[in-house]
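What follows is one structure encoded as structure tokens, with my remarks underneath.
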Protein chains: 2
Amino acid sequence: MKVTIHGRTRHFRTVAFDTKRNAVLLIEQRLLPHEFKIVATRDFRETAAAIRDMIVRGAGAIGATAAYGLAQGAWAFRGNDLANFSAHVWTVYQTLKNARPTAVDPVNAMNDVCAAMRKGKTVEEKKSLALAAAEEFANEDARHCEEIGRHGAKLIRNGMKVLTHCNAGWLAFVDVGSATAPMYAAQAAGKKFHVFCDETRPRSQGATLTAWELAQQRVPHQIIADNAAGHLMQRGEIDLVIVGSDRVLGRTGEVTNKIGTYTKAVLAARHKIPFYVAIPLSTIDWHLKRGFDIPIEERNESEVLGAWGTLKSGKRAYIRVANPSSGARNPGFDVTPSELITGIITPMGIFKPRDLWKQRKKLGYPGG
Amino acid sequence: MKVTIHGRTRHFRTVAFDTKRNAVLLIEQRLLPHEFKIVATRDFRETAAAIRDMIVRGAGAIGATAAYGLAQGAWAFRGNDLANFSAHVWTVYQTLKNARPTAVDPVNAMNDVCAAMRKGKTVEEKKSLALAAAEEFANEDARHCEEIGRHGAKLIRNGMKVLTHCNAGWLAFVDVGSATAPMYAAQAAGKKFHVFCDETRPRSQGATLTAWELAQQRVPHQIIADNAAGHLMQRGEIDLVIVGSDRVLGRTGEVTNKIGTYTKAVLAARHKIPFYVAIPLSTIDWHLKRGFDIPIEERNESEVLGAWGTLKSGKRAYIRVANPSSGARNPGFDVTPSELITGIITPMGIFKPRDLWKQRKKLGYPGG
């Protein structure tokens, strides 16, 4: 998407590849919104470290990063011996996989790259196929997000006020994003609307990443405390909710997303406000049978007990907000039942959550 | 309540009076939870400034502070001329009233003091009556909170997990508090329970003041992000909600409280978790006919865009968390309809919100 730095506007992807330098180019997301910087990782170990240390985060973005990282690792191989090449690629694969061991996207993306490489007969051929497959993975991610935008934009009418939670924007993908895609498409179609970004404590991705994205694309928006959406809904100030998801159960339509999503869905249902979840197909989990079985990560309590930001001097700092002798609970995600969700916006169209299973062939179900 | 400083435990009231120095003694709440300090205001203008600058906050606490401030102002008068004395008291009254122009408690408290003074015939008599009335206001505030505790403690059973929002603790009153009163009374009765404190963004009174209070009284507790309560309720980890209020409509049972209270009430209703509001009688507004007419203060956006806390060095600092080019909406309060409220805990017993009007004689309705 567009980023304006020092008055100059350019298009960036969250993840890209520099073939000349054999480097993966990443937006350093940990510095946003306070600084915009592109990081070039020079070898696959640096790329894995970038995933592990969350320079890049978000399902599609880390998938593409791992795919590029695997191609990068393949290109760094010297020689023509196929057995040695395979052993090397295996090391690269494992290194990238272990960077975020619970994430499913890097593995899926790298499996695509491996499948493509199998068609090559020589090391040189395999290298070329790997890079082409990584590029294709990234392009498809961006294309799918654009399709999400095309379908979702119909939901946004002139004058609407739209609420979103956390960051399911282009920074979480290669480009365009999932929850933000309908907004960018509606804007491109000339519609005028206003977005409320939930702050999204404890990590504040709404106040930092989503607000930064929307500001860059010049979408009118305001940040609100996570406590405020209920009041705004009660006063008729929210017309539509669109969020992303970390995992949607294909069998039940249940949605896992950042902590607080469930609360917004309950509020939206009470106020009869449409509540949509925008996802690429890779987010659908066809295996799990009930949302209760989704493991909810308990994160470090320091996130709840304080906050990161910038001091007046411009220096980044962590402050302790809470009482020093108190501890915290910090569940990272929650699960929203299907009856609270109006629709799931996918690249293939918008579906009732309970219809995902019926439409599974269209939605990339890998089984029979 | 008890406060432990440097290993020594003493009893403090939020607001007290030092007759020798003619000074109001206040816990400097802006430094909590990071520092415990008693401030002595030496004249009524300093006392008004303490209310205005929120050294002291909370309905009962600012009521008592204004009452003491009026007595303090009366005692500072030199001479015996009744007309001059009245003019002086009028100045004191207006100065204290204007410190928090929208608050109703200082006015009610000072009216009590004025009514008492009217019974005096000389300046000296009026001074003594003013101080006695201020003391009585403070004592009654503490006594009423104890009564709230006595009634509310019955709701807390062994092993329960109780959620509270914002700070309606003893720091908001002269002592004991409203929402916390049942907890302290249950603890005194030997019951074991756990409290979840909502962080309560944007001002984080739950993470700072309520958590500090509970830590001082050794009530087991954890802070949670405002986003987390829905998830915990869904997993059966919350059994009871008790909050305070800034204004309860006596005619409808609607409850105004810190932003986010409505959201918790909606969640509690969905999960069939009892939701109680604890208040002294002074919080009941017998006049307004519907909650929609309660003015909702829009506060400074800097509260949402950043946070106050302490750096590693121990220095207090404000950090900007949000994207620098984004703005915020910041409604300070919300209104919870009566159908979401299980009961109102008052010093006179627990009532259904819709029964307040029926029970108005018992609840101090000033009309016929």
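So that the names make sense, note that chain A is the first sequence line, chain B the second, and so on, each numbered from 1.
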Closest non-hydrogen atom pair, A:Gly291 against B:Arg235:
O-NH2, 4.0 Å
Part of B:Ser204 within contact of chain A (heavy atom distance under 4.5 Å)
side chain
Contact origin within A:Tyr262 toward chain B - heavy atom pairs under 4.5 Å
side chain
Who wins among B:His271, B:Lys258, B:Met233, B:Glu301 for the most heavy-atom pairs under 4.5 Å with chain A?
B:His271
Please flag which part of A:Glu237 lies under 4.5 Å from any non-hydrogen atom of chain B: side chain, backbone, both or neither.
side chain
Between B:Gln222 and A:Ala328, the two heavy atoms sitting closest are NE2-O, 3.7 Å
Contact check, side chains of A:Thr208 and B:Asn323, non-hydrogen atoms, under 4.5 Å:
no
Under a 4.5 Å heavy-atom cutoff, which of B:Gly332, B:Pro337, B:Gly327, B:Gly306 has the most pairs with chain A?
B:Gly327
Closest non-hydrogen atoms of A:Leu311 and B:Tyr318, given as atom of the first, atom of the second and distance, are CD2-O, 3.9 Å
Select one option (side chain, backbone, both, neither) describing which atoms of A:Trp308 are under 4.5 Å from chain B's heavy atoms.
backbone
Mind ranking A:Ala317, A:Ala215, A:Pro324, A:Ala307 by heavy-atom pairs under 4.5 Å with chain B and telling me who comes out on top?
A:Pro324
If we define contacts as heavy-atom pairs under 4.5 Å, which of B:Thr310, B:Val266, B:Leu305, B:Leu267 has the most with chain A?
B:Thr310
When heavy-atom pairs shorter than 4.5 Å are enumerated against chain A, which of B:Thr263, B:Thr261, B:Asn330 gives the highest number?
B:Thr263
Where on B:Leu209 is there a heavy atom nearer than 4.5 Å to chain A: the side chain, the backbone, both, or neither?
neither
Shortest non-hydrogen contact between B:Pro331 and A:Ala228, atoms and distance
CG-CB, 4.0 Å
Hey, would you say the B:His231 and A:Phe292 ring centroids sit under 6.0 Å apart?
no
Counting heavy-atom pairs closer than 4.5 Å to chain B, which one of A:Ile223, A:Val321, A:Ile224, A:Thr200 comes out on top?
A:Ile223
Which heavy atom in A:Pro202 sits nearest to a heavy atom in B:Ala225, and how many Å separate them?
CD-CB, 4.2 Å
First locate atom NE2 of B:His221, then atom OG of A:Ser325, and finally report the distance between them rounded to the nearest 0.5 Å.
6.0 Å
Does some side-chain heavy atom of B:Ile319 sit less than 4.5 Å from a side-chain heavy atom of A:Arg316?
no
Interatomic spacing from CG in B:Asp198 to CZ in A:Arg201 - rounded to 0.5 Å
12.0 Å
Say whether, by atom type as modelled, one donor and one acceptor occur between the side chain of B:Asp226 and the main chain of A:Asn227 under 3.5 angstrom.
no
Which portion of A:Lys264 sits near chain B, non-hydrogen atoms under 4.5 angstrom
side chain
Testing the basics here: between A:His34 and B:Arg320, what is the closest heavy-atom pair and its distance to 0.1 Å?
CE1-O, 3.7 Å
Can you measure from CD1 (B:Ile296) to CG (A:Leu232) and round to the nearest 0.5 angstrom?
11.0 Å
Would you check, one step at a time, whether the test salt bridge (Lys or Arg N to Asp or Glu O under 4.0 Å) holds for B:Glu339 with A:Arg270?
CA-CA 13 Å; B:Glu339 76 265 21; A:Arg270 178 177 164 88; 3.3 Å; yes
So for A:Leu214, is it side chain, backbone, both, or neither that comes closer than 4.5 Å to the heavy atoms of chain B?
neither
Structural part of A:Leu32 lying under 4.5 Å from a heavy atom of chain B
neither
